[in-house]
Every structure is written in C-alpha cells, then in structure tokens.
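Taking it in order: structure first as structure tokens, then the write-up.
In each ligand, atom 1 is the first atom listed, and ligand 1 is the first ligand listed.
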Amino acid sequence: MDLHTIDTIVEPRARRDLPAPTGHDGILAGGTWLYSEPQPGTDRLIDLTTLGWPPLTITGNGLDIAATCTIEHLIDAAYPPDWGATTLFRQCADALVASFKIWTAATVGGNICLALPAGSMIALAAALDATLTIWRPDGTNRATTVTELITGPRRTTLGPGEILRSIHLPATALRQDVALRRIAQAPLGRSGALLIGRATADGYILAITAATDRPLLLGLDSPAETRPAIDRITEDRWYTDPHGAADWRKHVTTLLAEEIVSELAVRKE
Ligand SMILES: Cc1cc2nc3c(=O)[nH]c(=O)nc-3n(C[C@H](O)[C@H](O)[C@H](O)COP(=O)(O)OP(=O)(O)OC[C@H]3O[C@@H](n4cnc5c(N)ncnc54)[C@H](O)[C@@H]3O)c2cc1C
C-alpha cells in the first residue's frame, strides 16, 4: 500500500550516510510487512538495501547472514556439505505463511526485527546459537542473541536508530544434528508452535517459538528432561491469539518437543 505519511526516503550507500534518528523513522528492508499496513507515526524511511551488504559470507567460523539477505537467497545458496543444519533454512521458509513470492523480497533481518511469535527466522537463529550484530547510531556495535533481542510479540530491545546488521551462525552448530516440528490450526495457517531441536556434544538444545510470546531456549541433558522442562515454563509465556489458545499451544509444544528430542536421541545412538 502507499504510505501517505512518508515525505523522505534515505538511500544510504555507507554507514556514515545513516541519518541521526528522529523517532519517526521506518527501517525499510524487504518492505513486505512495512508496506502491508499504515505507518501513521513514520515520516521517513531508511532503505537498508542500498547499503549493498553481501548477503552471505561463509568462513571457517560459520555463516554470516546480512540482515538484508532475502529468504530466497538463504535457501538457494550452496553450503559446505557437512553443514547439515542448513536443511533448516528451507524448512523455516516453508513455516512462514508467506509464499515463495514473498521470499524474494522478505529479508532474514526483517523477519527477526518484526518479532512476530511465528517468525521462523527467529526460531532458526535461536536454535543455531546465532550472534546478532547491531549497529548503534553512535557508530559503535553491540552483540546480542535473538532471545535477548525479542522481548514479546512485536517488541524488541532495539533502541532508536539501532539497526540489525548481521546474524552469525557458528560452524559448530551448523554441523550438528537438528530436527524441526511445526503445527498450525489450518493447513496453510500461521504457526501455532514451531520448535527446533539440536543435538549437542553433551545433550540437546530446544528452541520454542510461535507457541510462546517470545523465543525460549531449553538446554536438556536427556530426553527424560523434556516434559519437566516445559512444565517449568511459566503460564504467562504461553501465547493466545486467533491462531491458537495458550493451553493448546502448551499441549502441542510438549508433544512436539518430546518427538524432536526422542528422534535426535535415536540418531545419536
Ligand atoms: C502473505 C504474508 C505472509 C506472512 N507470513 C509471515 C509469517 O508467517 N511469519 C512472520 O513472522 N511474518 C510473516 N509475514 C511478514 C513479513 O513478510 C516477514 O516477517 C518478513 O520476513 C519481513 O521482512 P522484510 O524484509 O519484508 O521486513 P520489512 O517489512 O522491511 O520490515 C519489518 C520490520 O522490521 C524492521 N526492520 C527490518 N529490517 C531491519 C533491520 N535490519 N534492523 C532493524 N529493523 C529492521 C522494519 O523497520 C519493520 O518494523 C508475512 C507477510 C505476508 C505479506
């Protein structure tokens, strides 16, 4: 839709071109959400795509994903053959209600910063131990994780003028065995629960998203710990919206989590 409140679009070519925040800025990435509803409090857009960040950088340490990397680019790229966890990229894209047409524009960073419970790039970043680099408006950077960044539905710790620059996935996590489960109340509906498990050297990491108001990470030593760990999640974390009630979400999360951890345990044997 046309955003009739916008009177300036800034197209930075380098970090030094980023303007001081006014409190009325919209950060524009793929625009698939930004242009989908009125933005009455926004009069200036800062287009990140003109910064020309390389979408993906593979190093010995892992994968650096520019925030502006599109979901299409993430799933179409070639990765080292021992990075088995990259199979999650396509599974997470498929977990969005958005179709392949949206993937061509929607960015990984936009999905994370939008902070919807059903943001599957959030699940990916949580499960694969991502470090996020944030550009601060004073020219410095800060590092954070997705579980620290996202504090609730559409709520983040991003301050005025802060921009997510990149998402680093460590090679260790990319080489580990993973399993994903998703459930929605309608065949093509928004995720009611989206869980990803990862087998580590000494146990399991389980990322819970969509069912809770913000991404949660559980560390488990054995499959037997799964249900008690989920029972310890406080009731206020379970999310209710038109895509599912909190009690249903807790129930399906428990079943899917047990499935994931049992599957990873069998593969570990
Ligand atoms: C049909 C349809 C289905 C969808 N289904 C889903 C779904 O199932 N789950 C879901 O989570 N989303 C869904 N979306 C919403 C959206 O398309 C995705 O979340 C997408 O990944 C957002 O990325 P974008 O690059 O288009 O972000 P934009 O629309 O450009 O921006 C989204 C928000 O993030 C901020 N932002 C973007 N990049 C940065 C950055 N680098 N630093 C700081 N702030 C930034 C923007 O200011 C804005 O507030 C859907 C959209 C459509 C149209």
Closest contact, heavy atoms only, [X] versus [Y]:
{"X": "Arg249", "Y": "Gly192", "result": "NE-O, 2.8 Å"}
{"X": "Trp135", "Y": "Leu51", "result": "CZ3-CD1, 4.4 Å"}
{"X": "Glu11", "Y": "Thr50", "result": "C-OG1, 3.2 Å"}

Close approach, Gly31 and ligand 1, non-hydrogen under 4.0 angstrom: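 Under 4.0 Å: yes for Gly31.
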
Heavy-atom nearest neighbour in the protein, as seen from atom 50 (C) of ligand 1, with distance rounded to 0.1 Å: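 The protein heavy atom lying closest is Ala98 CB, 4.1 Å.
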
Region of Ile122 engaging ligand 1 - heavy atom pairs below 4.0 Å: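 Near ligand 1, Ile122 shows nothing, with every heavy atom at 4.0 Å or more.
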
Side chain, backbone, both or neither: Arg165 near ligand 1, heavy atoms under 4.0 Å: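 For Arg165, no heavy atom sits under 4.0 Å from ligand 1.
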
Polar proximity ligand 1 side, Asn111 side, N/O cut 3.5 Å exclusive: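 Yes, since at least one N or O of Asn111 sits under 3.5 Å from an N or O of ligand 1.
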
Other residues, nucleotides, ligands: >12 heavy atoms within 6.0 Å of Arg16 CZ: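 Open: at most 12 neighbouring heavy atoms sit under 6.0 Å from CZ of Arg16.
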
Subset of ligand 1 atoms that lie under 4.0 Å from at least one heavy atom of Ala67: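 By the 4.0 Å cutoff, the relevant atoms are 41 (N).
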
Numbered atoms and elements of ligand 1 in range of Leu116, under 4.0 angstrom, heavy atoms: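 Once the distances to Leu116 are compared, the set is 10 (C), 11 (O), 12 (N).
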
Cluster check Ile167, Ile134: I/L/V/M/F/W/Y, side chain < 4.5 angstrom: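 Both belong to a single hydrophobic cluster.
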
